[in-house]
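Structure first, then comments.
What you see is a predicted model; the values in this text were computed from it and never measured. Below, read A as the first sequence line, B as the second, and so on, with proteins coming before strands; counting in each chain starts at 1.
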Amino acid sequence: MAAFFSANSEEESTGSSPPVLALPLLCAWILFAIKVIHSVGAIKGTWPVYLWMWVTGVIFFIITYTEANLWVLPWFRNNVIRDITIQWKSNGSLVGSWNMMVYGTGIYLMCRISGNQDTAYTKKSFFFFFLGVVNLLFNWGHHTYLVPSAPWIKEVSYIISMTEWVIFLNIIRSWRKTVSDVIKHKNLLAYKFLFASEIWVFLNLALALLMSVPAINNYTHGTHITVAHAMGTTIGINTMILMASLFYILSEIHQWTKKELLIVHTGFWVANIPLLIFWLSLIGAGISKAYYEKMVPNASFSDTMTHVMTYMYVFTIAGFLVLTGLTTLAVMGLRVKIPRE
Amino acid sequence: MNYKRVIFISIIVTASLYSYKVYTDGTENSNGLLTNEKAKAGKLLWQEYNCIACHQLYGLGGYMGPDLTNEIGLKGKVYASAFISMGTSRMPNFKLKKDEVDDLVEYLACVNKSGEYPLKNPGITPWGDITISNAIRP
């Protein structure tokens, strides 16, 4: 499991890690996929939506990971436009596949906590799963609006990206229910993390939707706003769902003392409040970079960087606090002794 | 065959067909071809030294250094070679051989020919789309 989670952080980076390193990682993923498909495949009857999400996520992780390394073939790398387009096609879908697995885990946890599996079988859940798959396959083009590839690639992703408004409106619509569920389960640690992840989904989706409009993307592209989007999603959504899973499992086997609970709750806030500042400072840095690069004629690179730096100080301090919060949570988690049966 | 397998296979087939279309039809931009062996070697060096960790092409990459899409067009080969061979206080000196520096510069020259970034005159349509005038020149 640890290898499974750590594999992602390396791949999130925009980089192109050497293909020699890629092979063992790919093998590890294929083995993992076989294991998942084998155990899930054995489950007969109608699947809850999270099983669909896990299997789809794992399959596409392998496909897109392979795609990200296609540049080793000359046909791919010897055309600048093809190389860049595919690099971002694969990276976009790779993150999408990962998110599919993590969101599946989120839904699974919701079902376990509420003791009610119904939501995992509704038409609505399957509709959103389907919407997720379509976006995973086609919306990556919003990274490459400004790359001179064929216009239809961008039109497809513009249209597909806009379907995510449906998800956004759904979050707003079911907001009251979400809040009442939080109150109902307020003494459950896992729920607190799930609720935080939901707020982060809301914020990052709003940002993603705006960035997917080409006319806005023309300004936000190539700035720290992209980083805000990537980090907000990774830390805000994914880490909170993984923390929720961790604390859900731990709470099953461990009776938290008052003092421990206090530390975990503090850690929760120390991770989330600075994360908001961290996220906003990246957006600020991005707006400032966009302004100097695209609106002020002849602003030099170092001029721009001087203006961006102010935000980056705030970003660094906030980032340090986020790390402190998350470390506190991880340490509290690791201290729990797993009983031997 | 059960219906689950059919669904998964259809999703994978759709993905493959779309990818094929993107690889061939969508990115067949002949402006972006690496036309000579030096540029091709340059691309490999670009990967090896991970220049993209600090630089961007078409706004994609790390933000420590400037975007290099039109570096050669705007500043010229001599200027770029100087930076690449010597580094600065903020860019590492990779201690590259003269040949390797030339290869990287040739690569950047091909990138420069592939298009323009940032767009000076994006054509913004009423529905929020933008048209890139130089997208796929004949």
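- Using a 4.5 Å heavy-atom cutoff, the side chains of A:Asn79 and B:Leu34 are not in contact.
- Counting all heavy atoms, side chain and backbone alike, B:Gln56 lies closest to A:Gly222 at OE1-O, 4.4 Å.
- When heavy atoms are compared at a cutoff of 4.5 Å, A:Leu136 does not approach chain B at all.
- Two residues are said to be in side-chain contact when any heavy atoms from C-beta on lie closer than 4.5 Å; B:Asn31 and A:Ile81 fail this criterion.
- Using a cutoff of 4.0 Å between basic side-chain nitrogens and carboxylate oxygens, A:Lys154 and B:Asp129 are not scored as salt-bridged.
- Residues B:Tyr63 and A:Thr226 form a side-chain contact, since some pair of their non-hydrogen atoms from C-beta on lies under 4.5 Å apart.
- Both the sub-6.0 Å distance and the 45° axial angle are satisfied by B:Lys21 relative to the ring of A:Trp152.
- In this structure, the side chains of B:Thr14 and A:Phe138 come closer than 4.5 Å at one or more pairs of heavy atoms.
- The aromatic rings of A:Phe76 and B:Tyr23 lie perpendicular to each other, with more than 60° between the two planes, well past the 30° mark.
- Only the side chain of A:Asp83 has a heavy atom closer than 4.5 Å to any heavy atom of chain B.
- Looking at B:Ser16, neither its backbone nor its side chain comes within 4.5 Å of chain A, counting heavy atoms on both sides.
- For chain B, no part of A:Val308 is nearby; none of its heavy atoms comes within less than 4.5 Å.
- For A:Ile216, no part lies near chain B; criterion is any non-hydrogen pair under 4.5 Å.
- If you measure heavy-atom distances from A:Ile86 to chain B, the contacts under 4.5 Å come from the side chain alone.
- Residues A:His221 and B:Tyr117 place their aromatic rings such that the two centres sit under 6.0 Å apart.
- Residue A:Phe129 qualifies as enclosed at atom CZ: its count of foreign heavy atoms under 6.0 Å is above 12.
- Contacts of A:Val213 with chain B are made by both backbone and side-chain atoms, with heavy-atom separations under 4.5 Å.
- Of the two parts of A:Thr304, neither the backbone nor the side chain holds a non-hydrogen atom closer than 4.5 Å to a non-hydrogen atom of chain B.
- Qualifying side chain to side chain contact (heavy atoms under 4.5 Å, CB included) partners for B:Pro118, counting only residues two or more places apart in sequence or in other chains: A:Lys294.
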